[in-house]
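I have placed the structure first, in the form of structure tokens, so that the comments after it can refer back to it.
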Amino acid sequence: MKGFLERLQWKMAAWLEGRYGADNLSSVLTMLGLALILIALFTGFDLVWAFGMGVLLLSAFRTFSRNIPRREAENEAWLNLVSKPKATLSLAQKAWANRATTRYFKCKGCGQVLSVPKGKGTLRITCPKCGTQTQRKS
């Protein structure tokens with residue numbers, strides 16, 4: 001039995017050689033497809049189930065594709081699309097965690113997020129990115 005499993009492992013590795021594999025977009029598509037199928041199971045909507053299966057098939061197609069430059073470009077476009085909302089959410093979480101000790105605001109010149117300690121009165125702050133000086137109450 002051990003020899004069979006080892007041969008199977010080598011055959012699978014040889015078949016997957018030169019294929020794109022899983023990436024961030026494929027993972028999101030897989031999770032979305034599974035979520036849609038679960039929703040379809042509980043609600044009984046066949047159209048949602050079909051759409052979920054389509055999303056899963058798209059994820060599998062991307063994973064086993066040999067057109068690696070095209071799949072990389074798709075993943076890069078996806079990462080660019082979600083990078084700004086992800087950064088905004090991360091900053092909001094950081095601001096909420098440090099709300100008692102730190103105040104955050106954006107530079108008027110370049111949009112860089114700056115932080116100052118709370119309770120220090122009115123401060124003159126110089127942006128490290130563009131050098132714009134502003135006075136803000138902490």
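Note that the structure is a prediction, hence the values are computed from the model and not measured.
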Greater than 12 external heavy atoms within 6.0 Å of Trp15's CH2: yes
Heavy-atom side-chain contact between Leu8 and Met12 under 4.5 Å: no
Side chains of Ser83 and Leu81 in contact at under 4.5 Å (non-hydrogen atoms): no
Any side-chain heavy atom of Asn24 within less than 4.5 Å of one from Leu79? yes
Phe64, Leu25: one ILVMFWY side-chain cluster at the under-4.5 Å cut-off? no
Decide yes or no on side chain to side chain contact (heavy atoms under 4.5 Å, CB included) for Leu114 and Lys106, but give the supporting numbers first. CA-CA 6 Å; Leu114 305 172; Lys106 286 191 175 186; over 6 Å; no
Same apolar cluster: Leu57 and Ile39, side chain cutoff 4.5 Å: no
Find the distance between CG (Leu32) and CZ (Phe51) and round it off to the nearest 0.5 Å. 7.0 Å
Taking the side chain as every heavy atom from C-beta outward, state whether Thr132 and Thr126 have any atom pair closer than 4.5 Å. no
Keeping the roles fixed (side chain from Arg103, backbone from Ser115), state whether a donor-acceptor pair exists under 3.5 Å. no
Atom CH2 of Trp78 and atom OG of Ser26: how far apart are they, to the nearest 0.5 Å? 11.5 Å
In this structure, OG of Ser27 is separated from CG of Asn75 (nearest 0.5 Å) by 9.0 Å
Using a 6.0 Å cut-off, check whether atom CZ of Arg70 has over 12 heavy atoms from anything other than its own residue. no
Hydrophobic cluster membership, with links at side-chain heavy-atom distances under 4.5 Å among I/L/V/M/F/W/Y: are Val28 and Val82 in one? yes
For Trp10, is the NZ or CZ atom of Arg7 found under 6.0 angstrom from the centre of its six-membered ring and inside 45 degrees of the ring axis? no
Is a side-chain donor-acceptor pair under 3.5 Å present for Ser59 with Thr30? yes
Rounded at 0.5 Å granularity, tell me how far OG in Ser65 sits from CD in Glu74. 8.0 Å
Check against side chain to side chain contact (heavy atoms under 4.5 Å, CB included), Thr122 and Arg136: CA-CA 6 Å; Thr122 303; Arg136 293 296 294 249; over 6 Å; no
Is a side-chain donor or acceptor of Thr88 paired with a backbone partner of Lys84 at a separation under 3.5 angstrom? yes
Kindly indicate whether the side chain of Phe105, heavy atoms from C-beta on, has any atom under 4.5 Å from the side chain of Ile125. yes
In this structure, are over 12 heavy atoms from other groups packed under 6.0 Å from Leu47 atom CG? no
Asn98-Thr101 side chain donor-acceptor pair, cut-off 3.5 Å: no
Does the side chain of Thr134 reach to within under 4.5 Å of the side chain of Arg124, using non-hydrogen atoms? no
Are any non-hydrogen side-chain atoms of Tyr20 and Glu72 less than 4.5 angstrom apart? yes
Side chain to side chain contact (heavy atoms under 4.5 Å, CB included), that's the test. Do Tyr104 and Val116 meet it? Break it down for me. CA-CA 7 Å; Tyr104 294 89; Val116 294; over 6 Å; no
Taking atom NZ of Lys118 as the centre, does the number of heavy atoms from other residues, nucleotides or ligands within less than 6.0 Å exceed 12? yes
Would you please test Trp49 and Leu36 for side chain to side chain contact (heavy atoms under 4.5 Å, CB included) and show each step? CA-CA 6 Å; Trp49 180 84; Leu36 287 173; over 6 Å; no
Atom CD in Gln135, atom CG in Leu123: separation rounded to 0.5 Å? 9.0 Å
Might you point out which heavy atoms bring Glu17 and Arg66 nearest each other, and give the distance in Å? O-NH1, 3.7 Å
Would you say that Ile37 contacts Met53 through its side chain, given a criterion of any heavy-atom pair below 4.5 Å between the two side chains? yes
